[in-house]
> 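My structure is below; once you've seen it, I'll send some questions.
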Amino acid sequence: MAPTIPLLAVRGSNGTELLCGPPSCEQHPVLQRDSRPGRSFTFSRDGTLFGWCNGHSVSVVKASGGSPVSSLDLPKTALLDFSPLGGVLVTWQPYSKTADSPQGEANLQLWEVQSGRLIKALYQKKVESWCPSWSEDEKICVRSVNNELHFYENNDFSCIANKLHMQKVSDFALSPGDQPSKVAVYVPGSKGAPSFVRLYQYPALGGPTAALANKSFFKADRVSMQWNRKASALLVTTSTEVDKTGASYYGEQTLHYLAVNGETAVVQLSKNGPIYDVAWSPSSGEFCVVYGFMPAKATVFNLKCDPLFDFGTGSRNAAYYSPQGHILVLAGFGNLRGQMEVWDVKKYKQVSKPQAPDATHFSWCPDGEHIVTATCSPRLRVGNGYKVWHYTGSVLHQRSTPDGAELWEVRWQSFPSGAFPERPVKYQAVPSELGTTQAPPTQAYRPPALRHLPATASSKLHEEEPPQDLRSGPQAGKGPSKTALKNQKKREARKAANQDAKPAAVICSPPQAPSDDPENDKKVKNLKKKLKAIEELKEQQQSGKVLQKNQLEKIQKEEQLLKELQELQVQ
């Protein structure tokens with residue numbers, strides 16, 4: 001049974017330590033802090049093991065009691081990770097050549113955790129994709145070697161069980177979940193040929209009909225591939241280094257959808273600009289995209305790539321679903337102010353709006369109740385430290401790194417899926433001695449010469465868009481049926497007929513004889529035109545359409561326009 005309090009690992013120039021998680025975040029009662037600067041650390045997938053390296057050795061202990069499991073004399077190790085079931089420890093050190101070994105040392109090593117026995121030593125020169133990918137049951141392990149994917153079975157690394165050879169395979173992504181495993185491969189285009197991503201189901205890797213799905217595209221210098229948890233669909237974000245239209249400093253991005261049943265699509269985004277982040281919901285039935293020139297938009301889509309909910313515009317560039325999928329955090333980190341928007345996913349209602357300035361890291365606690373934000377080096381070398389929050393905006397614990405020291409990484413203990421049940425969403429901030437950091441209302445910059453004048457809508461730099469629920473009918477996420485669409489058209493036709501039948505109070509006023517003042521007649525005509533447009537906007541508002549801010553301002557001017565029209569008609 002999973003413990004109720006996850007651990008928080010902290011690594012920096014002062015060493016590596018484990019803290020008993022929220023809300024107190026106290027020092028681990030048994031495992032003492034390693035005072036030597038930590039190079040890397042990791043938890044096993046189920047959270048029972050904790051391993052770290054410090055420039056002298058690699059140590060593995062049991063996370064609960066701190067009892068040692070194994071210790072390896074590997075002073076050069078820079079990265080380490082566990083296989084999904086925790087039986088294999090993978091270590092990587094920078095590739096180098098010496099006089100004794102002109103070919104270089106095998107720098108990727110696989111160790112049996114319990115015995116410390118070396119299973120296999122391999123060459124891995126690049127740090128990108130350094131760790132092999134396992135299926136969750138460890139029946140399959142995959143590595144990319146010289147434009148080939150090498151498959152090993154049942155952790156037998158003495159022979160390669162299968163190969164997928166394609167010209168210039170640049171990247172791959174192995175699916176999560178149960179067997180059969182799927183693998184997505186990316187091949188960049190060359191000499192006029194397009195780039196493409198293909199999905200395969202192991203072990204059917206050869207032949208013209210082996211691919212489950214295929215998507216080709218021309219604009220791609222690199223891609224990011226993300227499987228959903230059920231391994232039923234894949235999202236591919238393609239990026240170019242340079243936007244040839246000159247519209248974006250970030251290059252040009254496009255989002256593609258591929259399903260294992262062969263369906264493919266381009267996700268249509270309603271605002272131009274870069275794609276900052278894409279996040280799958282743990283339910284695997286929807287995903288959130290943050291995109292567009294600032295202020296950026298955020299939209300949730302279903303598996304048909306239809307929009308379900310639009311969060312409007314804001315200063316954001318990241319999206320994070322809670323492990324249970326019931327809460328979504330939209331955040332603006334990096335060069336933004338650290339604004340976080342916490343949303344209840346089922347009701348699409350905002351819970352809180354805390355602010356974490358200068359944050360470079362965000363992660364959810366496995367319990368789905370707490371989060372940690374941190375300012376880490378080398379992204380920011382000043383003001384290093386971390387805060388543990390409740391999602392309602394309360395700061396429960398914070399620690400600042402002493403002057404002259406640096407914080408490098410914080411990480412929650414891992415747990416199997418479903419270890420922590422979903423709890424009802426709270427809207428009232430939980431009590432805390434450190435209080436909350438709700439963001440103060442911001443105002444647009446105004447030049448000093450205009451600050452004594454009242455603010456007007458035209459003085460805003462950007463037009464803000466409010467959130468909008470795009471779901472139709474009582475069942476969220478499903479489009480209206482054919483019968484519902486037919487009835488809706490009939491209602492709209494009846495409404496239009498009724499509007500035509502009844503005289504409008506202002507627009508259809510008794511005809512007046514032309515006056516001797518053509519300028520006056522022109523003004524009257526323009527005012528009637530504006531009032532007619534306002535009537536149409538009011539009808540749209542009554543039918544349930546969400547109006548833009550400038551449209552709402554037009555409706556507010558109706559009384560003023562009626563008064564002006566009356567004065568002109570009297571004249």
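Numbers here are sequence positions counted from 1. Here the structure is a predicted model, which is why all the values come from computation and not from measurement.
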> When the ring centroid of H370 is compared with that of Y391, is the distance short of 6.0 Å?
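Between H370 and Y391, the centre distance exceeds or equals 6.0 Å.
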
> So, S195 side chain and G189 main chain: donor-acceptor pair closer than 3.5 Å or not?
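Checked: pair present.
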
> Do side-chain atoms of Q339 reach the backbone of S315 as a donor and acceptor pair under 3.5 angstrom?
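Checking the backbone N and O of S315 against the side chain of Q339, no donor-acceptor pair under 3.5 Å is found.
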
> Which heavy atom of L330 sits nearest a heavy atom of A298, and at what distance?
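Nearest heavy atoms, L330 then A298: CD1-CB, 3.8 Å.
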
> Can a side-chain donor-acceptor contact be found between R229 and S417 if the only test is distance below 3.5 angstrom?
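Yes.
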
> Indicate yes or no: does E558 engage K538 in a salt bridge with an N to O separation below 4.0 Å.
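Yes, E558 and K538 are salt-bridged.
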
> Search all heavy atoms of L199 against all heavy atoms of A259 and return the closest pair with its distance.
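What the structure gives for the nearest pair is CD1-O, 4.0 Å.
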
> Between Y320 and S363, do the side chains contain a donor N or O and an acceptor N or O under 3.5 Å apart?
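No, no side-chain donor-acceptor pair sits under 3.5 Å.
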
> If you look at every heavy atom in G393 and S352, which pair is closest and at what distance?
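Smallest heavy-atom distance, with atoms named: N-OG, 3.9 Å.
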
> Any luck finding a side-chain donor-acceptor pair between Y291 and S270 under 3.5 Å?
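Yes, S270 and Y291 have a side-chain donor paired with an acceptor closer than 3.5 Å.
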
> Look only at the side chain of D277 and the backbone of N317, and say whether a donor-acceptor pair between them is shorter than 3.5 Å.
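Flag not set: sc D277 to bb N317 has no pair under 3.5 Å.
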
> Closest approach of W280 and Y257, non-hydrogen atoms and distance?
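Where W280 meets Y257 most closely, the heavy atoms are CH2-CE1, 4.3 Å.
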
> Say whether, by atom type as modelled, one donor and one acceptor occur between the side chain of D367 and the main chain of I5 under 3.5 angstrom.
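No: the side chain of D367 does not pair with the backbone of I5.
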
> How would you list all residue pairs meeting salt bridge (charged side-chain N to carboxylate O under 4.0 Å, His left out) that involve residues 314-327, not counting sequence neighbours?
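Counting only pairs at least two positions apart or across chains, the salt bridge (charged side-chain N to carboxylate O under 4.0 Å, His left out) contacts touching residues 314-327 are R316-E341.
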
> Does any N or O in the side chain of K271 come within less than 3.5 Å of the main-chain N or O of P295, such that one atom is a donor and the other an acceptor?
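Yes, K271 side chain to P295 backbone: donor-acceptor pair under 3.5 Å.
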
> Tell me the closest heavy-atom pair linking I555 and I534, and the distance in Å.
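I555 and I534 have their closest heavy atoms at CA-CG2, 4.1 Å.
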
> Does Q413 reach the main-chain N or O of L8 with its side chain, forming a donor-acceptor pair under 3.5 Å?
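It does not hold such a pair.
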
> Under the side-chain contact (heavy atoms from CB on, under 4.5 Å) test against F420, which residue among S322, P6, C365 passes?
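Exactly one option meets the side-chain contact (heavy atoms from CB on, under 4.5 Å) with F420, and it is P6.
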
> Counting only heavy atoms not in N261, do more than 12 fall under 6.0 Å of its CG?
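It does: N261 CG has more than 12 such atoms within range.
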
> Ignoring hydrogens and geometry, is there a side-chain-to-backbone donor-acceptor pair from N302 to D306 under 3.5 Å?
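It does hold such a pair.
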
> State, to 0.1 Å, how close N228 and P176 come at their nearest heavy-atom pair, and which atoms those are.
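Heavy atoms of N228 and P176 come nearest at O-CG, 3.4 Å.
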
> Looking only at side chains, do W389 and S394 share a donor and an acceptor under 3.5 Å apart?
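Their side chains do not contain a donor-acceptor pair, so the 3.5 Å distance test is not met.
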
> Report yes or no: does T313 contribute a side-chain atom to a donor-acceptor pair with the main-chain N or O of A296 at less than 3.5 Å?
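Side chain of T313 to backbone of A296, a donor-acceptor pair under 3.5 Å: no, none is there.
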
> What I want to find out is whether E535 reaches K528 closely enough, with some N-O distance under 4.0 Å, to be called a salt bridge.
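Looking at K528 together with E535, the answer is no, because their closest N to O distance does not fall below 4.0 Å.
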
